[in-house]
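Okay, structure first, notes after.
Just so it is clear: chains get the letters A, B, ... in the order the sequence lines come, proteins before strands, and each one is counted from 1. As the structure is a computational prediction, the values presented were derived from the model and not from experiment.
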Amino acid sequence: MRYAMVIDTKKCVGCSDCVVACQTENNVPEGFCRDWITEVVSGSYPNLELELRSERCNHCEEAPCVRCCPTGASHVVEGGIVLVNASECIGCGACIASCPYDARFQHPDGHVDKCTFCHHRLKKGQLPACVSVCPTKCMYFGDLDDPNSEVSQLLKDRKYKTLAPEAGTKPHVFYLI
Amino acid sequence: MQEELFTSGRNIPNIDPYLDVWHWPIALYLFLGGLAAGILFFAALFYILGKDEVYPGAVKKATVIPPIALSVGLLALIYDLTHPLYAWQLYTTFRIESPMSWGAWVLLIVTPIAFLWTFSYYREAFGGIESKLKLFNKLKFLNTFEAWVIKNRMNMAYALIPLSLILGVYTGILLSAFNARPLWNNAILGPLFLVSGLSTGAAAIIIMSKSMKEKHLFGKIDLGLIIVELALIAHMIMGYYAGSQVQLEAVELLVGGEFTLIFFGVVVLLGLLLPAFLEVGEIMGIKIPVIIPALLVIIGGLVFRFVMVEAGQLTRYLY
Amino acid sequence: MPTSRRKFIKISALGLGGLAATGGAMNLMGMNPLLDAAVKENVARKLSRTPTYCEVCFWKCAGWVYTDEQQNITKILGNDDDPHCNGRLCPRGTGGIGMYTDEDRLKTPLIRSIVNGEETFREVSWEEALDLIASKFTEVREKYGPESFALLKHGSPGKHLEHLFKAYGSDTIAEPAYAQCRGPRETGFALTFGSWVGSPEPTDIRDTECLVLIGSHIGENMHNTQVQEMSDAIDRGATIITVDPRLSTAASKSDHWLPIKPGTDMALLLAWMHVLIYEDLYNKDYVEKYTTGFNKLKEHVRTCTPEWAYAITTIEPEVIRKTARAMAAAAPATIVHPGRHVTWYGDDAQRARAVAMLNGLLGSWGNRGGFYFKEGLKVPKYPHPEYPKPKWGWEAIGEKYPYAQMGITQELIKATIESEHNEHPIKAWMVAGTNLTQSLPQQEKTIEAINNLDFLVVVDTMPMDITGYADVVLPECTYLERYDGIRSAPNRNPSIAVRIPAVKPKYQSKPAWWISKQIGERLGLGAYFDYDDYEEVIEWQLKQLGTSLEEMKKIGVKNFERTSGPLYLKEDQDHEFFTSSGKVEFYSKDLKSKGFDPMPVYTPHPEPPEGYYRLNYGRSPVHTFSRTINNPNLSALKDENTLWVHPKVARIRGLQKTQEVWLKNQDGVVSDFPIKVRVTERIRWDSVYMYHGFGHANKKLSRAFGKGASDSQLITRTAVDPLMGGTGLRGNFVTILTEDPHKNSVI
Ligand SMILES: Nc1nc2c(c(=O)[nH]1)N[C@H]1C(S)=C(S)[C@@H](COP(=O)(O)OP(=O)(O)OC[C@H]3O[C@@H](n4cnc5c(=O)[nH]c(N)nc54)[C@H](O)[C@@H]3O)O[C@H]1N2
Ligand SMILES: Nc1nc2c(c(=O)[nH]1)N[C@H]1C(S)=C(S)[C@@H](COP(=O)(O)OP(=O)(O)OC[C@H]3O[C@@H](n4cnc5c(=O)[nH]c(N)nc54)[C@H](O)[C@@H]3O)O[C@H]1N2
Ligand code: SF4
Ligand code: SF4
Ligand code: SF4
Ligand code: SF4
Ligand code: SF4
Ligand SMILES: [Mo]
């Protein structure tokens with residue numbers, strides 16, 4: 001089992017619904033967010049490209065945040081999901097500094113917080129909140145180890161990229177381009 | 001033109017627009033760790049070489065600094081945690097891949113040894129203080145304890161050589177282990193911080209020492225370390241230039257960016273070149289109070305840690 | 001001009017303001033522990049759900065409101081069975097929770113009073129507020145007749161208050177969603193196909209093979225089904241053509257982006273028709289069978305060659321030809337989208353007609369992948385006595401515009417300003433669910449009208465700008481706390497949805513149905529409100545529709561079978577269009593007879609003078625107009641708008657990104673608040689762009705006050721549509737000020 005998220009930038013309209021849904025589903029405190037939208041404009045008028053990306057923790061296979069955590073609070077669970085155990089986290093910030101995606105933040109309670117791939121929902125057989133709400137249905141979630149899963153199929157058929165591959169983290173959020 | 005922005009209003013405290021999770025306590029902690037490592041290294045080395053009587057500043061006097069430095073450093077580290085009440089979690093496990101964990105454990109081992117070392121020279125080197133406090137009169141068991149510690153000095157010295165080196169290297173590795181921060185992601189940082197730590201240690205010994213001979217020796221040692229350090233810094237900067245785009249952008253902060261003045265002005269010029277120059281002058285017989293280059297080295301070392309901690313957090317891969 | 005009798009109350013009201021302000025500050029500092037506690041409970045909490053339909057915009061998506069055991073609303077999710085949302089709300093609907101939790105909400109009724117020589121609002125009981133309002137209703141009826149009391153409304157509260165007004169004898173009703181929004185397209189399509197486009201638009205985007213967007217910025221305009229189906233269309237590889245001077249999100253996803261010079265769309269539309277006709281690409285069967293006036297049209301567009309249009313639109317002739325061919329290749333599964341906010345340049349009904357005619361040539365109206373025949377369910381009227389017949393109303397006021405199908409806000413305003421020497425004197429307003437100072441152009445006129453009123457009552461949920469001008473402010477509870485009418489919108493299949501209160505109204509807020517009933521009873525109109533709770537009305541209506549409140553509480557949405565016939569035109573079947581000729585009218589005799597152009601013609605529109613830029617505006621995907629700017633969930637995503645300027649303009653003007661600037665328009669009006677610069681290639685060098693809805697002037701909106709600039713404030717010039725009275729808003733020009741023009745004055 002290897003969970004992955006595949007996001008189709010050709011369909012994403014950057015509406016931020018995934019961000020609001022995450023906030024209400026996961027009670028993300030005001031002023032913080034576990035996911036966010038990046039807009040990249042390149043070229044010059046009128047020869048322009050616009051890329052919109054919904055970003056979050058990449059649940060990296062080579063997760064530096066897990067490696068550098070001195071207490072084991074940052075850990076990997078089944079399906080390759082990277083989680084933080086709040087009661088083991090001392091708030092040293094090492095994992096935050098180690099993440100090339102700036103996907104983690106200090107929860108006002110002191111511990112570190114970030115996207116969980118909605119682990120609590122997966123356990124109930126539901127999709128992550130952001131995926132389930134996206135009006136353009138541009139987000140896909142599933143098991144990479146299963147060659148027939150939607151995510152595997154999409155990565156087989158379509159061109160894709162990951163963010164900052166040079167950081168060597170092997171992200172598990174993929175962007176169809 | 002390429003334009004990149006967050007359209008969902010992301011503005012997370014201490015993360016955006018750039019990282020600000022490590023503050024002055026971390027820089028101070030790294031500096032104090034290096035300083036303590038330096039002093040302990042020289043103390044152990046000269047003790048093993050049997051030069052404790054020739055260089056009492058290094059072996060005896062200056063070793064009052066490491067226990068204080070390490071304690072203050074540890075407090076600073078804990079002070080900068082956002083979940084400090086859980087700090088004990090550091091010692092429920094050892095994570096071999098986590099420099100932070102290494103640091104925590106090395107500190108846990110080095111600090112008591114540093115205390116014991118200082119304690120073993122307490123009556124000898126700080127007789128004046130003891131004659132006022134009269135601790136050994138009040139607490140009788142201290143006498144037997146002292147005897148036991150003194151007996152084990154050689155063992156401690158042998159332990160301290162590797163431990164102090166690990167501690168010194170660790171202060172650099174803590175940063176360089178972060179691939180995500182292009183400025184830190186540089187293998188030179190470990191050796192560089194070690195050398196810098198040794199150099200500040202030597203400088204501290206110069207200040208603590210009363211013997212002119214010892215001052216001169218450590219002046220020379222320091223000079224050598226400064227030269228190595230300068231070479232490492234040059235190497236580090238070349239490394240960035242040879243690196244990826246993000247590293248190029250990172251080094252801009254030091255060269256021609258926000259931190260140029262403080263880095264080249266304070267760290268390199270005032271903290272390395274000037275003291276080296278003065279020490280050379282001293283060797284050539286010009287009368288300069290050695291304490292001046294020593295102080296400059298220490299200040300330079302401190303500022304260096306601040307620059308690296310601060311500037312490193314400004315560098316990122318994306319956005 | 002009358003003296004400014006009704007001063008806008010900016011300073012905090014007695015009690016309420018202070019309370020709201022400290023509430024806000026405390027929230028910033030101290031709310032986190034509460035939330036944190038919630039985080040830990042999150043997984044453990046037991047949630048129950050109540051059906052609703054969303055009121056954050058007017059797409060009315062049906063959803064479920066989840067509440068925990070402590071009656072906290074935790075989240076709102078879409079209803080899977082709802083054709084408006086298919087289980088997925090848009091960001092505003094998901095963030096609708098903030099409409100409820102916003103601690104700046106109106107909390108009690110307020111009456112304008114003088115305290116210590118200062119005009120302020122006094123918190124009063126409902127009794128006192130309603131008695132005062134009822135006495136004003138009586139006064140106006142006795143002095144001028146009930147027609148002189150006007151209702152300006154939008155959204156669900158409007159329905160209840162409309163009932164009150166009609167019972168009282170006034171049909172003087174208007175909303176900005178007509179003459180500032182979709183009015184012209186309804187006229188244009190009605191004149192061509194004999195049928196409104198209506199809401200939701202019956203665009204068959206789901207099955208289209210070619211979608212043409214003229215300005216319509218779907219993806220930023222988050223009308224849910226449109227966004228969802230456009231995404232499906234992208235997946236299916238449909239051709240998308242977007243005409244927009246700005247690189248809209250939709251444009252960036254299009255196969256063809258036509259970066260048109262603003263204000264010249266008519267030329268492009270005529271040229272497209274030219275290509276279709278003269279390259280023999282139009283849908284001949286359809287045209288022959290269902291349309292009239294083709295030959296006249298052919299002659300009409302003879303000279304409208306792509307080369308002609310190129311000089312006007314700056315779109316290369318080859319691109320015009322290529323896109324026309326793409327449309328024809330996909331026809332009839334081609335949609336030339338009617339747009340929605342189409343009040344642009346004053347010839348909008350005619351432009352909408354050109355769009356409709358283009359669809360006619362392609363044969364898309366009534367065909368799969370074009371426009372389907374929508375069908376809605378008629379919700380039976382809860383029995384009440386007949387309404388009295390008013391002597392005059394919105395129709396008489398808008399007489400000058402023969403094709404107006406609803407009240408024209410700007411005409412009501414005119415009638416208010418000129419009430420002294422006017423056969424339609426308007427003396428009092430009730431404003432409900434519309435923030436007129438932000439949604440109407442010519443703010444000064446709106447304020448002048450307000451100053452001319454004897455009485456203004458505002459029903460709102462928030463202390464929006466408009467409430468600052470009111471004599472009485474009534475706090476409505478939010479849609480999450482109330483019953484409202486059954487939603488029955490026409491779609492592919494008829495469906496209904498209900499709105500059931502998920503929680504009790506916060507503070508002292510009350511639903512609009514209750515307010516209407518209370519006022520009605522005080523006016524002796526109790527017979528029109530023959531129920532204690534609106535639940536009874538819903539229950540009765542649901543029973544008539546063959547379901548029950550009980551069932552609807554469980555399912556939220558009920559879909560019905562079609563009864564009106566097939567979704568599309570059937571081959572070999574005649575179809576009568578509701579035009580006077582029964583055909584799709586390329587040539588309109590009706591227009592001709594009333595002295596208008598029977599076929600659309602291109603007329604140039606004013607261009608920005610030297611040093612000025614065209615003020616372009618549009619939707620932020622995370623906000624609805626001005627209503628959500630203070631919403632805690634949504635302001636977290638976008639708390640201020642920015643001024644998009646082209647890099648060239650930035651260079652010439654020496655502007656840096658995030659620099660604060662002020663705007664001054666052609667009439668010397670300066671924005672109240674600064675706006676930050678965004679330097680971007682997405683906008684042309686002759687225009688600037690900003691999101692609509694920002695720049696709130698009421699300090700009681702703790703998150704929205706002074707954030708960004710208001711486009712509405714700068715829209716002082718309108719081009720009025722001669723057919724239906726729509727106010728074209730896109731003909732305003734601004735210059736950029738880098739020095740604070742208010743430095744020496746107090747706002
Ligand atoms: N400059 C400019 N003007 C425009 C537009 C533009 O793009 N630019 N767009 C035009 C268009 S397309 C339209 S449709 C109109 C829309 O114009 P409006 O409908 O006036 O839009 P809002 O500004 O959202 O005003 C809604 C008001 O209703 C209140 N409200 C929200 N929910 C409730 C409720 O449940 N009950 C009550 N009683 N009040 C509630 C809000 O607090 C707010 O004061 O604006 C038009 N005007
Ligand atoms: N998120 C969100 N969605 C909404 C709303 C909201 O408030 N928020 N409101 C809803 C309502 S009531 C309405 S009416 C709709 C409005 O949504 P639309 O009908 O899509 O609005 P428009 O104002 O027609 O389109 C704005 C676009 O027109 C472009 N434009 C400007 N000038 C010209 C021109 O001269 N020619 C052409 N071809 N394009 C031009 C602008 O660059 C911008 O991209 O949105 C609806 N959806
Ligand atoms: S909800 Fe979907 S379309 Fe909207 S920003 Fe997120 S990923 Fe993109
Ligand atoms: S994205 Fe960052 S936080 Fe997430 S697994 Fe990778 S390194 Fe860790
Ligand atoms: S902040 Fe917490 S999760 Fe992150 S490295 Fe430190 S202890 Fe681990
Ligand atoms: S997967 Fe869950 S936690 Fe992660 S961004 Fe999506 S909603 Fe948030
Ligand atoms: S489109 Fe969005 S805001 Fe409008 S009704 Fe639907 S969910 Fe609500
Ligand atoms: Mo609208």
With a 4.5 Å cut-off on heavy-atom pairs, point out which of Leu19(B), Leu175(B), Asn179(B) contacts chain A the most. Leu19(B)
Based on non-hydrogen pairs under 4.5 Å, which of Gly103(B), Ala177(B), Ser98(B), Pro13(B) is most in contact with chain A? Ser98(B)
Checking ring-ring contact (aromatic ring centres under 6.0 Å, His included) for the pair Tyr175(A)/Tyr160(A): CA distance, chi angles, key distance, verdict? CA-CA 5 Å; Tyr175(A) 295 92; Tyr160(A) 66 87; over 10 Å; no
Return the option, out of [options], with the maximum number of heavy-atom pairs under 4.5 Å with chain B.
options: Ser54(A), Gly31(A), Cys15(A), Cys69(A); result: Cys69(A)
options: Pro64(A), Cys68(A), Ala73(A); result: Cys68(A)
options: Val66(A), Ile90(A), Val112(A); result: Ile90(A)
options: Ala97(A), Ser44(A), Cys89(A), Ala94(A); result: Ala97(A)

Would Arg305(B) pass as a cation-pi partner of Phe193(B), given that its NZ or CZ must be under 6.0 Å from the six-membered ring centre and within 45 degrees of the axis? yes
Pick one of side chain, backbone, both or neither for [X], based on which atoms fall under 4.5 Å of a heavy atom in chain B.
X: Cys92(A); result: both
X: Thr169(A); result: neither
X: Val40(A); result: both
X: Ser16(A); result: side chain
X: Cys33(A); result: both
X: Glu51(A); result: neither
X: Ser98(A); result: both

Under 3.5 Å, sequence neighbours excluded: what are the donor-acceptor pairs made by side chains of residues 104-113 of chain B?
| from | atom 1 | to | atom 2 | distance (Å) |
| --- | --- | --- | --- | --- |
| Trp105(B) | NE1 | Thr93(B) | O | 3.0 |
| Thr111(B) | OG1 | Leu107(B) | O | 2.5 |

Please confirm whether [X] and [Y] have ring centers closer than 6.0 angstrom.
X: His172(A); Y: Tyr3(A); answer: no
X: Tyr170(B); Y: Trp102(B); answer: no
X: Phe117(A); Y: Phe141(A); answer: yes
X: Trp22(B); Y: Tyr29(B); answer: no

Region of Asn14(B) in contact with chain A, defined by heavy-atom distances below 4.5 Å: side chain
Residue Leu5(B) versus chain A: region with a heavy atom under 4.5 Å: both
Expected contact set for residues 72-92 of chain B against chain A at heavy-atom separation under 4.5 Å reads Asp80(B), Leu81(B), Thr82(B), His83(B), Pro84(B), Tyr86(B), Ala87(B), Gln89(B), Leu90(B)
Should Ser199(B) and Ser196(B) be marked as a side chain to side chain donor-acceptor pair (under 3.5 Å) after you check the CA-CA gap, both sets of side-chain angles, and the distance that decides it? CA-CA 5 Å; Ser199(B) 155; Ser196(B) 167; 5.8 Å; no
Output yes when a side-chain donor or acceptor of Arg104(A) lies under 3.5 Å from a complementary backbone atom of Ile96(A), and no otherwise. no
Using a 3.5 Å distance criterion without hydrogens, assess whether the side chain of Arg34(A) forms a donor-acceptor pair with backbone atoms of Cys57(A). no
Leu192(B) CG to Ser176(B) OG distance, which is reported to the nearest 0.5 Å: 10.0 Å
Do you know which of Leu253(B), Val307(B), Val303(B), Val255(B) makes side chain to side chain contact (heavy atoms under 4.5 Å, CB included) with Phe263(B)? Val307(B)
Any donor-acceptor pair under 3.5 Å linking the side-chain atoms of Glu39(A) with those of Thr7(B)? no
